[in-house]
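Proteins come first, then strands; the chains are lettered A, B, ... in the order of their sequence lines, and each starts at number 1.
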2 protein chains.
Amino acid sequence: MTGQVRTVDGRVAGRRGQETRQKLLDCLREMLSTSPYRDVKVIDVARMAGTSPATFYQYFPDVEGAVLEIAEEMAKDSDGLKELVAGKSWAGKSGVATSEELVDGFLAFWRKNDAILRVVTLGAAEGDKRFFKIRMTVLNSVAKPLTDAVKDLQSKGQADKTLDPAAVSGALISLLASAAEHGKAFTAWGVKVKDLKPNLAPLVYLGVTGKKPPK
Amino acid sequence: MTGQVRTVDGRVAGRRGQETRQKLLDCLREMLSTSPYRDVKVIDVARMAGTSPATFYQYFPDVEGAVLEIAEEMAKDSDGLKELVAGKSWAGKSGVATSEELVDGFLAFWRKNDAILRVVTLGAAEGDKRFFKIRMTVLNSVAKPLTDAVKDLQSKGQADKTLDPAAVSGALISLLASAAEHGKAFTAWGVKVKDLKPNLAPLVYLGVTGKKPPK
DNA sequence: AACTTGTCCTGTCATGCCGTCAGCTTACCG
DNA sequence: CGGTAAGCTGACGGCATGACAGGACAAGTT
């Protein structure tokens, strides 16, 4: 399906080429997690990969192009997140468990990919369609099934029907993303890292069901 | 209090100098709202201001330094946001009104300053202490009084005491910030811009009071 | 008006990164 | 072993950076 990997000038990349390409991506990823995005230079990435800048340009049009590649890979990875919500129950205590697992799983994914997600988030906020799409893919992996869950609860009369299911689930997912990205803010507010989940989960439960979580 | 404005090399700036300096800041602000942060160059800002790059470096150590200046100005502005919450009632319908005004006011502020806040948010996420502090100042303008409100409700037995007031209010403010910054995501979810407030406000009310909003 | 003083701006320069290309090396295949 | 395509890099023009010295300018003094 995904035609062979090609260099910028149209050659097909062989075994060795793909290795170099991958090494460049790995080094870029590393670079992004250690220095500000604005300061990431092609020459540094190339040096770290033990190759030359010219080689970088053989595989990627520019830094942004390579970042997009990493981001797309991560977006594929995010597909598994839908299992955090799909088919789960929101009734009573099992609902509390669902919300806790959702918070835990989503935060873990975001933190694991925090460096690349920072850049994706910035790009999306700046209006770049490609980054926006990637961000939506990640968010939707959870937001879509969560919207379905809210709709389901509404149709059973167990949730406020005046609310838009997409808006509610979108808001809750935005909250989780923001909390994951800016965990330090909570620390500054005196909230310990381990207290984050126990405080976010009830909010999620509350948002989805409209009810206080049972003890 | 704030000692005179000084150039990088220590001279005090006079009338004309301050004008130039201000023009550079204005152009940088403009630049940030029209092109990606990564691509903002000193030479472009200088050109737009009708001056030379060398002049820019007389007033600011680098682009980041100038951005910090703009951000600090905005942080001062954010002080007025505390009126959105301080001294407001959360009881019954007036509580609903409070939450609506909070959502409205906060979103408006964030959108008005979206370009600079994007950069601040990125810097904070990347671990830069100066940007982090500025972001906290903005968030705290609302988060602090909101935390007090939650504490107050808890002490009156009108809210779940097992929740950490700082965590709850921090989460709600994070949600608002995220919604403001990524309004387009909601549009993509089929939520119209004018439906954002009516959906966010109940969530805020719900989070603060733990109760369903009265109709 | 000429002079003085301190502010303000810019031409210029060394440095370093960007992005491209021609050309060399390496690997694979018949 | 020659042919072919992949893989890599040195070198180069172009541009941004950041520093400095010196000239332009405003305002007050004599």
Legend entry - Interatomic distance, Arg11(A) CZ vs dC28(C) P [rounded to whole Å]: 15 Å

Inset, instruction - State which of dT10(C), dC18(C), dT9(D) makes the closest approach to the side chain of Ala54(B). - result: dT10(C)

Legend entry - Glu181(B)/Arg111(B) salt bridge by N-O under 4.0 Å criterion: no

Legend entry - Whole-Å distance separating the CE atom of Met31(A) from the C1' atom of dC17(C): 13 Å

Inset, instruction - Taking only the side-chain heavy atoms of Thr51(A) (C-beta and beyond), determine which of dT10(C), dT17(D), dT9(D) contains the nearest atom. - result: dT9(D)

Legend entry - Residue whose closest nucleotide on DNA chain D lies nearer the 5' end, Asp62(B) versus Thr7(A): Thr7(A)

Legend entry - From dG7(D), dC17(C), dC8(C), nucleotide with atom closest to Thr20(B) side chain: dC8(C)

Inset, instruction - Report which part of the nucleic acid Tyr59(B) touches: base, sugar-phosphate, or nothing (heavy-atom distance under 4.0 Å, all strands). - result: sugar-phosphate

Inset, instruction - Select from Ala13(A) and Lys41(B) the residue whose nearest nucleotide in DNA chain D is closer to the 5' end of that strand. - result: Ala13(A)

Inset, instruction - Name the residue closer to the 5' end of DNA chain C, choosing between Val12(B) and Thr55(B) according to the nucleotide with the nearest heavy atom. - result: Val12(B)

Legend entry - Nucleotide of dG7(D), dT17(D), dT10(C) approaching Ser52(B) most closely (side-chain heavy atoms): dT10(C)

Legend entry - Euclidean distance, atom CD1 of residue Ile43(A) to atom P of dC17(C) [Å, nearest integer]: 5 Å

Inset, instruction - Mind calculating the distance between OH (Tyr57(A)) and C1' (dG7(D)) to the nearest angstrom? - result: 18 Å

Legend entry - Test: Glu101(A) and Lys88(A) ion pair at under 4.0 Å: yes

Legend entry - Side-chain ion pair, Asp79(B) and Lys82(B), N-O less than 4.0 Å: yes

Inset, instruction - Using a 4.0 Å heavy-atom cut-off across all strands, classify Arg16(A) as base, sugar-phosphate, or nothing. - result: sugar-phosphate

Legend entry - Check: Thr51(B) side chain, Arg47(B) main-chain N or O, donor-acceptor pair, under 3.5 Å: no

Inset, instruction - Write down the distance between CZ (Arg47(B)) and P (dT10(C)), rounded to a whole number of angstrom. - result: 14 Å

Legend entry - Spacing of Asp39(A) atom CG relative to dA16(D) atom P, expressed in whole Å: 17 Å

Inset, instruction - Rounded off to whole Å, could you give me the CD-to-C1' distance for the Gln58(A) and dA22(C) pair? - result: 12 Å

Legend entry - Pair Asp9(A) + Arg11(A): basic N to acidic O under 4.0 Å: yes

Inset, instruction - Figure out the CG/P separation between Asp9(A) and dT9(D), and round it to whole Å. - result: 15 Å

